[in-house]
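Okay, structure first, notes after.
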Amino acid sequence: MADRFQLRLPPGLRDRIKVFAEAHGRSMNTEIVRVLEKEFPEPMPLDVRLNELLGLFTALRKVRGHEDAINELTDGLLEAVEGIASGRVPDIDEVTRQRIRESLDDWHLARIEEAQFSIDQIDEKYTPKTINPDLTD
């Protein structure tokens, strides 16, 4: 069961919350919890955040039009993550560093697999099809 907490609100705030919640199809409780969650988010483990950043890194690499700025940003992000994984960035405990190293290795492996898939698709598209002489009349 959720914790209960009694709260005194300044005059008029309850009415503003009620109007806003109703306008958005939510209860007052849901609206209050939504605002509190936004201001006091749950702590995010470093490896979860790292995986999100690596995903953004991959997405940024695919953007066209601002390649130089994006390449500089993504190179900097990758350098920071690799610095953490390699030990060049101090003040990271060994367990966290290992988790980051594993996430980074997984990310590198996925990039290699994506590149191989792209190569396979190009090969398939441009390699001439051979006809089996045994199947011809």
Side-chain angles (χ1 to χ4, degrees):
M1 178 168 192
D3 290 338
R4 293 181 146 262
F5 182 79
Q6 202 168 24
L7 182 65
R8 287 188 291 277
L9 299 173
L13 182 55
R14 182 187 186 286
D15 294 335
R16 293 194 311 264
I17 294 169
K18 183 178 181 181
V19 167
F20 190 88
E22 287 175 353
H24 292 90
R26 296 187 282 257
S27 70
M28 286 180 59
N29 184 76
T30 299
E31 193 58 42
I32 291 168
V33 169
R34 184 189 66 78
V35 171
L36 289 173
E37 286 284 351
K38 182 177 176 184
E39 290 299 317
F40 304 100
E42 191 173 325
M44 183 183 302
L46 183 59
D47 58 330
V48 170
R49 184 65 183 137
L50 175 65
N51 285 330
E52 288 179 359
L53 286 173
L54 290 171
L56 288 171
F57 175 84
T58 301
L60 281 173
R61 286 284 186 185
K62 295 178 181 178
V63 173
R64 301 289 176 239
H66 303 283
E67 285 84 1
D68 291 340
I70 290 170
N71 286 340
E72 187 174 334
L73 173 65
T74 55
D75 289 348
L77 284 170
L78 186 57
E79 182 180 340
V81 171
E82 287 176 338
I84 292 170
S86 70
R88 286 191 329 247
V89 175
D91 303 325
I92 303 290
D93 65 90
E94 191 52 40
V95 172
T96 302
R97 185 178 317 286
Q98 182 61 33
R99 288 171 39 200
I100 291 171
R101 193 175 303 119
E102 289 169 2
S103 293
L104 187 60
D105 290 346
D106 290 346
W107 180 81
H108 279 299
L109 182 59
R111 300 298 73 74
I112 291 168
E113 290 171 355
E114 284 177 10
Q116 185 59 51
F117 179 75
S118 294
I119 290 169
D120 291 347
Q121 283 185 318
I122 291 169
D123 286 349
E124 186 176 305
K125 184 175 182 177
Y126 294 105
T127 301
K129 304 290 185 235
T130 58
I131 299 174
N132 187 340
D134 296 333
L135 298 178
T136 57
D137 291 12

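All heavy atoms count here, side chains included; hydrogens, waters and symmetry mates do not.
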(message) List the residues meeting salt bridge (Lys or Arg N to Asp or Glu O under 4.0 Å) with Asp105, not counting sequence neighbours, and say none if there are none.
(response)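 For Asp105, no residue satisfies salt bridge (Lys or Arg N to Asp or Glu O under 4.0 Å) once neighbours in sequence are set aside.
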(message) Using the salt bridge (Lys or Arg N to Asp or Glu O under 4.0 Å) criterion, which residues pair with Glu82? Sequence neighbours excluded.
(response)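 Not a single residue meets the salt bridge (Lys or Arg N to Asp or Glu O under 4.0 Å) criterion with Glu82.
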Pairs meeting criterion ring pair (Phe, Tyr, Trp, His ring centres under 6.0 Å) with involvement of [range], two or more places apart:
range           : value
residues 6-34   : Phe20-His24
residues 68-106 : none
residues 79-110 : Phe57-Trp107

Under a single-linkage rule joining Ile, Leu, Val, Met, Phe, Trp and Tyr whose side-chain heavy atoms are separated by less than 4.5 Å, which residues share a cluster with [X]?
X      : value
Leu109 : none
Val95  : none
Phe117 : none
Leu13  : Phe5, Leu7, Leu9, Ile17, Met28, Ile32, Leu36, Phe40

(message) For Gln98, give me all partners under side chain to side chain contact (heavy atoms under 4.5 Å, CB included), at least two apart in sequence or on another chain.
(response) Arg101, Glu102
(request) Could you tell me which non-hydrogen atom of Val81 sits nearest to which non-hydrogen atom of Leu104, and how far apart they are? (result) CG1-CD1, 3.9 Å
(message) Show me the pairs that pass side chain to side chain donor-acceptor pair (under 3.5 Å) and involve residues 27-39, at least two apart or across chains.
(response)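 For residues 27-39: Arg26-Glu31, Ser27-Thr30, Glu31-Arg34.
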(message) I need the full list of side chain to side chain donor-acceptor pair (under 3.5 Å) pairs touching residues 86-97, with sequence neighbours left out, sorted by first then second residue.
(response)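 Those involving residues 86-97 are Asp93-Thr96.
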(message) With rounding to the nearest 0.5 angstrom, report the CD1 to CD1 distance, Ile84 to Ile92.
(response)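 So the CD1 of Ile84 and the CD1 of Ile92 are separated by 5.0 Å.
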